[in-house]
Amino acid sequence: MYKDAIVTFSVNEVIEHLTGLIQQAIQETGLYQDVIELEKPREATHGDYASNIALKLAKALRKPPRELAERILQAMPASSWVAKTEVAGAGFINFYLHAQIWPQLVPVILQQKQEYGKNSSGKEQSILVEFVSANPTGPLHVGHGRGAAYGASLANILDANGYRVWREYYVNDAGRQMDILALSTWLRYLECCGERIDFPPNAYQGTYVREMAEAIYAQHARQYWHDPANFMPVSLSAHTDADAHLDALIGSAKELLAVDYVYFHQFALNEQLADCRQDLAEFGVQFDQWFSEQTLFDSGLVQRTLNMLDEQGHLYSQDGAIWFRSTHFGDEKDRVVQRENGLFTYFASDIAYHLYKLERGFDRLIDVWGADHHGYIPRVKGALKAIGCDAERLTVALVQFAVLYRNGQKAAMSTRSGEFVTLRELRAEVGNDAARFFYVLRKSDQHLDFDLDLAKSQSNDNPVYYIQYAHARICSVLDQWGGDTALLLNAEAGLLSSEHEINLLKTLADYPQTVSAAARELAPHLVAYALKEVAAAFHACYNAEQFLLEDALLREARLAMILATRTVLANGLTLLGISCPTYL
RNA sequence: GCGCUCGUAGCUCAGUUGGAUAGAGUAUCGGUUUCCGAAGCCGAGGGUCACAGGUUCGAUUCCUGUCGAGCGCACCA
């Protein structure tokens, strides 16, 4: 019986117990309040938990809150968990718990191990998290890195909350940007052939394009050569529209190369996708599926989606294009789905993509987008509504771009110009762990100032080491002890009673609530902050108490406590995709 | 011009159904190791929560306005 009590002990239980006490007291006094709130006071001097119930009731009853609080307290049944109650401040009821309830948590954590902190609130609902989804037209940069770190951590957190999570990367392999990349590669290839090319300024400038061209030239020599005079008769002049010029070049390339154009297109796509995949894998970011935009066209789904919209009367023609009447669904203007030249817009395939996500049976969709796409939300949700889907099932999580600072100045970031810091460079400089942690330490919708010089020169000051150091310290102590950690499950945790010990145990007790809050708010940064709290409580305890004592009972109790601490640190770091080193 | 997101300590940021004396890191200053890892711990100073109104027992939090910042307003993705 005692054993059962141990196994189920949690903060949830404590909170339910306390709200139950309040509930009983309220009924006893003949009052009524449907929702009973319990909060953790900021100040330790305000108890372990506090209720504002009297303040809430005061308004309706037109009585002084302190007087109501006193009445409620009088009627409250006694509890073996509660050491003291008091009325404080404007009319708060503060609860002070017996410190001895917290050590009960230690064997719970030691038993649950990597399961500690998880819950089943997701009820096996399936949820698709789409993130990164950068165009495969060049290396990932540090802005993509933030979306990757956020999305991957979020997916892990949702998984820990009992959702069935599907991680997906949407590959934009069908659009104009890919054509520009294919063209860029071919032009660089012609340079390899010895031609002098007037390389368009709005084509991809990065050195990786040259590298692809060189690889193709090394393998196929002049097989794809064509005389530039045949397709670049006039260079770009002031009165020419740059985009039109680029499109004309793409058209010429397709005409001259014919099927060989597909080779360049595919080569560039495969190359960049492979690079991207490897980069993310090294960053600890894995996907269940890389979803090709092209397949939406090949399967006819885009056309079918537009037909659905058309049948409902949501499409119309104007100026030679076909428009979706998104203004009927909350958007500020109507949007083109098929251009005058017959090509579908990105929006058209995106509607099809979102429809298909729902058709695949996912209960919920989360899109992780760069915050610069926020204006895009109303039209996607509007389109879902228009084809009869529940747009509420889609949540768009916006991630602000990381703003880079180099030499105290904002660093330019443009894929086209090739002036950007890649994710790979960042990882090499500060390490995967520091990068992952730094990315999710901020609320995702906040701008992130990423000082490269600071990150590079003082990577040891990164807060991730504070947490990893706590983990390593524990490993070190347990290692010096040398005993069998499995035996610590039977330790007399009840011997833990010092202020530092209790404080540490409370941070461990809070961890499951953090995991569920992080899922509810789609906020991995909550986990990062909670881990800092755990580490801080541990470091303080470490400096105040000795672990490797002569007294076997107390020694094992404390070792059990730090083993539990290590478990929580490891569980949290794992959610954030950060390693748990045994030494630093 | 319109829309979205923001404005918290010198700096970078937490603070979530509105709660008590607004917190942490960093930087600055002062302590701390014959002892399990000092990448640690303990302490000090540092604030008109951009500004002005409003809602109420109570506002950093909700509403309105002003100022300031970023982003968006394509037959690009």
Side-chain angles (χ1 to χ4, degrees), chain A residues 35 37 39 41-43 45-46 50-52 54-56 58-59 62 64-66 88-92 94 133-135 137 172 174-178 180 243 293 318-323 332-333 335-347 349-350 370-378 398 400-401 403 438 441-443 445-451 454 458 460-470 472-481 500 517 520-521 523 525-526 528-529 532-533 535-536 538-549 555 558-559 562 583-584:
Chain A
V35 182
E37 298 171 9
E39 61 175 27
R42 276 200 277 257
E43 299 273 332
T45 56
H46 293 149
S51 172
N52 60 358
L55 293 158
K56 293 278 181 197
K59 188 179 184 181
R62 307 189 58 164
R66 287 192 68 103
F92 293 95
N94 294 341
S133 300
N135 281 341
T137 53
N172 298 123
R176 178 170 177 265
Q177 296 305 320
M178 273 309 302
I180 297 174
D243 277 327
E293 178 188 9
Q318 187 180 307
D319 304 328
I322 297 178
W323 299 68
E332 57 188 16
K333 57 168 291 190
R335 309 291 175 177
V336 170
V337 289
Q338 188 170 13
R339 295 197 282 268
E340 193 176 3
N341 63 10
L343 295 177
F344 295 106
T345 60
Y346 172 85
F347 178 47
S349 52
D350 216 17
D372 54 334
H373 287 65
H374 63 78
Y376 197 75
I377 298 173
L398 296 176
Q400 288 285 353
F401 275 166
V403 183
F438 207 97
L441 192 55
R442 272 53 303 162
K443 221 165 38 174
D445 58 1
Q446 286 285 349
H447 290 99
L448 169 60
D449 285 347
F450 212 125
D451 188 329
L454 183 70
Q458 301 185 20
N460 280 358
D461 286 344
N462 194 299
V464 71
Y465 292 101
Y466 185 74
I467 298 167
Q468 290 184 322
Y469 181 48
R473 259 184 158 178
I474 294 170
C475 290
S476 176
V477 173
L478 291 173
D479 195 47
Q480 288 174 55
W481 170 58
H500 286 104
R520 193 173 57 247
E521 297 169 27
H525 77 279
L526 294 177
Y529 276 89
K532 280 171 74 176
E533 300 267 323
F538 167 74
H539 286 309
C541 193
Y542 182 94
N543 282 279
E545 314 287 353
Q546 197 83 12
F547 302 118
L548 299 175
L549 301 160
R555 179 180 67 224
R558 288 188 175 158
L559 290 173
I562 65 172
Y583 65 93
L584 290 182

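Please read all numbers here as calculations on a predicted model, not as lab measurements.
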Fill in: Side chains of T137(A) and Q177(A), donor plus acceptor under 3.5 Å
no
Worksheet item: Taking the same atom, P, in G58(B) and in C73(B), what whole-Å distance lies between them?
Response: 44 Å
Practice prompt. Measure the CZ-CD distance between R558(A) and Q546(A) for me, rounded to the nearest 0.5 Å.
Written response: 8.5 Å
Fill in: d(OH, Y469(A); C1', G37(B)) in whole Å
4 Å
Worksheet item: Does S476(A) put a side-chain nitrogen or oxygen below 4.0 Å from OP1 or OP2 of G37(B)?
Response: yes
Worksheet item: Looking at the side chain of A50(A), which of A20(B), C13(B), A77(B) is the nearest nucleotide?
Response: A20(B)
Worksheet item: Taking a pair as Watson-Crick or G-U wobble with both distances under 3.5 Å, which nucleotide is matched to A44(B)?
Response: U28(B)
Worksheet item: Considering only the P atoms, how many Å lie between C13(B) and G7(B), rounded to the nearest integer?
Response: 11 Å
Worksheet item: Does any non-hydrogen side-chain atom of H500(A) lie less than 4.5 Å from one of N543(A)?
Response: no
Worksheet item: When the distance from CG of L441(A) to P of A14(B) is rounded to whole Å, what number comes out?
Response: 8 Å
Worksheet item: What do the steps show when you test F538(A) against I562(A) for side-chain contact (heavy atoms from CB on, under 4.5 Å), and what is the final call?
Response: CA-CA 8 Å; F538(A) 167 74; I562(A) 65 172; 3.8 Å; yes
Fill in: Residue A540(A), side-chain heavy atoms: nucleotide from C73(B), G19(B), C41(B) that is nearest
C41(B)
Worksheet item: Less than 3.5 Å between a donor and an acceptor, one on the side chain of N94(A) and one on the base of A20(B), is that the case here?
Response: yes
Worksheet item: Distance between the C1' atoms of U32(B) and G15(B), in whole angstroms?
Response: 31 Å
Fill in: d(CZ, F92(A); P, G18(B)) in whole Å
14 Å
Practice prompt. Decide yes or no for N172(A) and M178(A): does some side-chain heavy atom of the first lie under 4.5 Å from some side-chain heavy atom of the second?
Written response: no
Worksheet item: For C62(B), which nucleotide is its Watson-Crick or G-U wobble mate, given both distances must be under 3.5 Å?
Response: G54(B)
Practice prompt. Rounded to whole angstrom, note down the C1' distance from G3(B) over to A22(B).
Written response: 32 Å
Worksheet item: With both distances under 3.5 Å as the test, what is the Watson-Crick or G-U wobble partner of G1(B)?
Response: C73(B)
Worksheet item: Heavy-atom distance under 4.5 Å between the side chains of F547(A) and L559(A), does that happen here?
Response: yes
Worksheet item: Quick one: F547(A) CZ to G37(B) P, roughly how many Å, whole number?
Response: 11 Å
Worksheet item: Which part of the nucleic acid, if any, lies within reach of A470(A) when heavy atoms closer than 4.0 Å are counted: base, sugar-phosphate only, or nothing?
Response: nothing
List, with names and distances, any nitrogen or oxygen atoms from the protein found under 3.5 Å away from nitrogen or oxygen atoms belonging to nucleotides 4-7 of chain B.
none

Worksheet item: So, do L448(A) and F401(A) sit near enough that their side-chain heavy atoms are less than 4.5 Å apart?
Response: no
Worksheet item: Can you check the N341(A) CG to C76(B) P distance for me, whole Å?
Response: 7 Å
Worksheet item: For the side chain of E332(A), counting heavy atoms from C-beta on, which of C73(B), C75(B), G19(B) is nearest?
Response: C73(B)
Item to complete: Under 4.0 Å between any heavy atoms, over every strand shown, what does Q546(A) touch: base, sugar-phosphate, or nothing? Just pick one.
Response: base
Discussion item. Please confirm whether the shortest side-chain N or O distance from R176(A) to OP1 or OP2 of C75(B) is below 4.0 Å.
Written reply: no
Worksheet item: Heavy atoms under 4.0 Å, any strand shown: does D319(A) hit a base, just sugar-phosphate, or nothing?
Response: base
Discussion item. Starting the side chain at C-beta, find the nucleotide from A39(B), C13(B), C75(B) nearest to Y465(A).
Written reply: A39(B)
Item to complete: Could you tell me the separation between the NE2 atom of H373(A) and the P atom of C76(B), rounded to a whole number of Å?
Response: 14 Å
Worksheet item: Taking the side chain of Y529(A) as heavy atoms from C-beta outward, which of A14(B), G37(B), C36(B) is closest to it?
Response: A14(B)
Discussion item. Can you measure L548(A) atom CG to G37(B) atom P for me and round it to whole angstrom units?
Written reply: 8 Å
Worksheet item: Which of the following nucleotides, G15(B), G19(B), G40(B), is nearest to the side chain of H539(A)?
Response: G40(B)
Fill in: d(OH, Y466(A); C1', A14(B)) in whole Å
15 Å
Item to complete: Considering just the side-chain nitrogens and oxygens of R339(A), establish if one lies under 4.0 Å of OP1 or OP2 belonging to A77(B).
Response: yes
Response to the item:
By nearest-heavy-atom nucleotide on RNA chain B, the more 5' of Y583(A) and D372(A) is Y583(A)
Worksheet item: From A74(B), G15(B), A77(B), pick the nucleotide closest to the side chain of N172(A)?
Response: A77(B)
Practice prompt. With the side chain counted from C-beta on, respond yes when F347(A) and V337(A) share a heavy-atom pair under 4.5 Å apart, and no when they do not.
Written response: yes
Discussion item. Looking at A38(B), which nucleotide sits across from it as a Watson-Crick or G-U wobble partner, both distances under 3.5 angstrom, or is there none?
Written reply: none
Fill in: Check against side-chain contact (heavy atoms from CB on, under 4.5 Å), T345(A) and R339(A)
CA-CA 7 Å; T345(A) 60; R339(A) 295 197 282 268; 3.9 Å; yes
Discussion item. Distance check, P atoms only: U60(B) and G19(B), in whole angstrom units.
Written reply: 10 Å
Discussion item. On the side chain of N543(A), is there an atom forming a donor-acceptor pair with the base of G40(B) - under 3.5 Å, no angle test?
Written reply: yes
Practice prompt. Taking the side chain as every heavy atom from C-beta outward, state whether F92(A) and L55(A) have any atom pair closer than 4.5 Å.
Written response: yes
Worksheet entry | Per K532(A) side chain, nearest of listed nucleotides A24(B), A74(B), A77(B) | A24(B)
Response to the item:
Heavy-atom nearest pair, R555(A) first then L549(A), reads NH1-O, 2.8 Å
Response to the item:
With the side chain defined as heavy atoms from C-beta on, E39(A) is closest, among G40(B), A20(B), A38(B), to A20(B)
Worksheet item: Looking for any heavy atom pair under 4.0 Å, which part of the strands does Q480(A) touch: base, sugar-phosphate only, or nothing?
Response: sugar-phosphate
Worksheet item: Looking for any heavy atom pair under 4.0 Å, which part of the strands does A523(A) touch: base, sugar-phosphate only, or nothing?
Response: nothing
Worksheet entry | Rounded C1' spacing from U55(B) to U64(B) in Å | 11 Å
Worksheet item: What distance, rounded to whole Å, do you find between the two P atoms, one in U56(B) and one in U61(B)?
Response: 16 Å
Practice prompt. Using the C1' atoms only, state how far U21(B) lies from U17(B), rounded to an integer number of Å.
Written response: 24 Å
